[in-house]
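What follows is a short report on a single structure.
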Amino acid sequence: MKGAYRELEEALRENVGPVVVDRTQNPKFGDFSTNAPFKMARERRQPPPVIAQELTERLRPVLEGRFSVAAAGGYVNFRMEEEALAGWTNWAAGDPWPEVFPKSGPKVLVEFISANPTGPLNVANARAGAIGDSIVRILKFLGFRAEGEYYVNDAGRQIANLGLSVLHFMKPDTFPLPKDGYRGEYVKELAREFVPEATPLLAKGPEGITLREAEEFGRKVAHHILKLQKESLKRYGIEYARFVMESEIRGSDYPERVYSILKGAGLLYFADADGNEANVPLPETFGELYEGDRYRYEGYALLFRATRYGDDKDRVMVRSNGEPTYFFWDSAYHLHKLDRGYDYLIDIFGPDHHGYVPRMKAVMGAFMEATGTNAVYDVIIHGQVNLYEGGERVRMSKREGRIYTLDDLVADVGKDAVRFFMLLRAPQTELNFDLDLARKAVKENPVFYTQYAHARIMSLLDYAKANGVEGKPIKDLPGEERGVAALVQYFPYYLLKALPIRLREEVWRGLNLPYANVEGKMDFSPNLLVDYLIELAHTYHSFYQNNRIVGSDRQGERITLSRAVLYTVRYGLNLLGVSAPERMG
RNA sequence: GCCCCCGUAGCUCAACAGGAUAGAGCAGCGGAUUUCUAAUCCGCAGGUUGGGGGUUCGAGUCCCUCCGGGGGCGCCA
């Protein structure tokens, strides 16, 4: 058995084609509907109601016993037959969700957070983490081979900076704090911990230390910070398939490959200080840009013709002083990803990285064209997070040390509330996070409200067991029971809705059903799943309030119904990274 | 100046690929409790979807334009 939604999709796709199945807005139209007749009207030069009528007659025998089918204007509406719905509910009460979709879909890589290992994770990282991890979980659930990945910028000037900052707090009089140095309380703490590693450097004094030595020391510190970040992530319920170190990318042959691919495609050139293309021939390899540590093309920057791929200016890959840009190393990393054979590569960036997207898309476009690789690359920019407390915006200031970290947030309101709240709105929108509300165990708090539905059912099942009441197969669904049962069947529907259309169609394609080839943006909407869970919780609370379960003449059936809700809420919360507690408080 | 996101009920937000009467929650008002967890439920009220124009059988959704809020525009990361 596959559940009502999947059975309907399959029947429609096999008999009509890749049409859109919707939940009806108004229950009087049934449970599901399709507006396919409107879409087919133009091509077939027939009015939608005529097509709707025809489809209705075609589908009736196919869906016999499962759905009643009715044409209404240009729509075709489907209503789950009571006996069939009873069967699907019995099925849902058997904890079926993990098996609903086969696990052999497209390979997807989702990169998220990738914060610099120079300090604790912050509130924006919490948003990216909740979104990214949830997307990976939902994709896996729907059969995709999805992985989360974290890119660690453990190399370069900022890491040297970190090292020098730590040295400064060890010997403030001897070692000046570098410009753009790190100064939070945590840096002082690191200064206390890293004395043994720093001893040789401290002896050399600020003038005696090379940039490379500062960076090597900084990297040790960075890896320690990364360890702390990993612990934060663990407390936050996020698990990655892997962490990729920038230092390893730098030491691999990927920088050389980036150079050779882009040069081969005629997409690199030297520019003078004014940005004008210079008549200076490119060397054969990336390595030949240097002689030892010396840059051979002093005064000339190496540019990538990003404008050929839609960016509004060409982008610097190696500065005129010979130092490659962040963009260059990131390109190497992304080439590495591309080489690993994913079908979809998704990056989740914060709103401050907005301007960075066109150049990444440009270089990825260039890589794919030059190497003949065919993957979909897209970037999700999530909105910023505003914390509110006591009705006022919580102002943060790095300089004054008033920063609110992921750890603070989790310690304050709990992992579950943070993750739930972070997913409450569409990823690209701004999010107002009400700390007071998140802390409260009241129904206005949607996390609590939803978890309570789960705990309530657990408690009910205990009570039923103690009273010798067992679940019985459902045969009919009178009164409010139907509404509860119907909503359970929407679960896979909302999982699909959380995906961009393109990936939704991949699911059907993977099941060898007709599918639509859809281009377009990779907009994920885990917030729709969140809304659904709140609605399911509400519907159950209402049913529970109005209907006695144990002791009623339908006690066995109502236990079965409650169990169907239980597993659905549990899996739903699990996909959000939120726990499903057995009891509250 | 250019680019991106956002603008829907008093507040926070939905509206799934352009489809049916724009939906929730909170706040407000009125009700329900010898409970299988009232940590809950039921009801009422609340809208010119920022303004204007266009495309369409049909627009909150697409296009143009204006207004407002946020973000980005570096040989920083």
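In what follows, every chain begins at residue 1, and chains take the letters A, B, ... in the order their sequences are listed.
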Aromatic plane relationship, A/Tyr290 with A/Tyr295 - under 30° parallel, 30 to 60° tilted, over 60° perpendicular: tilted
Parallel, tilted or perpendicular, as decided by the 30° and 60° cut-offs, for the rings of A/Tyr356 and A/Phe349: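 Taking A/Tyr356 first and then A/Phe349, their aromatic rings sit tilted (interplane angle of 30° to 60°).
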Does [X] make a side-chain N or O approach to OP1 or OP2 of [N] shorter than 4.0 Å?
{"X": "A/Asn432", "N": "B/C13", "result": "yes"}
{"X": "A/Gln25", "N": "B/A20", "result": "yes"}
{"X": "A/Arg504", "N": "B/C16", "result": "no"}
{"X": "A/His538", "N": "B/C41", "result": "yes"}
{"X": "A/Ser542", "N": "B/C42", "result": "yes"}
{"X": "A/Arg23", "N": "B/C16", "result": "no"}
{"X": "A/Arg319", "N": "B/C76", "result": "yes"}

Under 4.0 angstrom, heavy atoms only, what part of the nucleic acid is [X] near: base, sugar-phosphate, or nothing?
{"X": "A/Asn116", "value": "sugar-phosphate"}
{"X": "A/Ala41", "value": "nothing"}
{"X": "A/Asp274", "value": "nothing"}
{"X": "A/Asp523", "value": "nothing"}
{"X": "A/Ser33", "value": "base"}
{"X": "A/Phe448", "value": "base"}
{"X": "A/Ala464", "value": "nothing"}
{"X": "A/Asp272", "value": "base"}
{"X": "A/Gln555", "value": "nothing"}
{"X": "A/Ile549", "value": "base"}

Test item: A/Asn445 side-chain N/O and A/Val447 main-chain N/O as donor-acceptor pair under 3.5 Å: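 Side chain of A/Asn445 to backbone of A/Val447, a donor-acceptor pair under 3.5 Å: yes, one is there.
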Under 3.5 Å donor-acceptor, A/Asp274 side chain and A/Asn276 backbone: no
Identity of whatever pairs with [N] - Watson-Crick or G-U, under 3.5 angstrom:
{"N": "B/A32", "result": "B/U40"}
{"N": "B/G58", "result": "none"}
{"N": "B/A15", "result": "none"}
{"N": "B/A22", "result": "none"}
{"N": "B/G46", "result": "none"}

Proximity to the side chain of A/Asn546 - top-ranked nucleotide from B/G71, B/A15, B/C41: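 In terms of side-chain proximity for A/Asn546, the closest of B/G71, B/A15, B/C41 is B/C41.
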Nucleotide nearest A/Asp531 when distance is taken to its side chain, options B/C16, B/A14, B/C36: B/A14
Contact nearer the 5' end of RNA chain B, comparing A/His541 with A/Pro18: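 Residue closer to the 5' terminus by nearest nucleotide: A/Pro18.
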A/Phe543 or A/Gln428, whichever maps to the more 5' nucleotide of RNA chain B: A/Gln428
Taking atom types as they are modelled, is there a donor-acceptor pair under 3.5 Å from the base of [N] to the side chain of [X]?
{"X": "A/Ser320", "N": "B/C75", "value": "yes"}
{"X": "A/Tyr493", "N": "B/C16", "value": "yes"}
{"X": "A/Asp180", "N": "B/A77", "value": "no"}

A/Tyr449 aromatic ring stacked with six-membered ring of B/A39, 5.5 Å and 30°: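 No, aromatic ring not over the base.
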Aromatic stack A/Phe29/B/A20: centroid gap under 5.5 Å, interplanar angle under 30°: yes
Rounded distance (Å) that lies between atom P of B/C76 and atom CG of A/Leu162: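 Rounded to the whole Å, the gap is 20 Å.
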Between CD on residue A/Gln428 and CZ on residue A/Phe524, distance to nearest 0.5 Å: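 It is 12.0 Å, given to the nearest 0.5 Å.
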Between OG1 on residue A/Thr429 and CD on residue A/Gln384, distance to nearest 0.5 Å: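 So the gap between those two atoms works out to 10.5 Å.
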Ion pair check, A/Arg482 and A/Asp31, cut-off under 4.0 Å: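 Between A/Asp31 and A/Arg482 there is a salt bridge, with a charged N closer than 4.0 Å to a carboxylate O.
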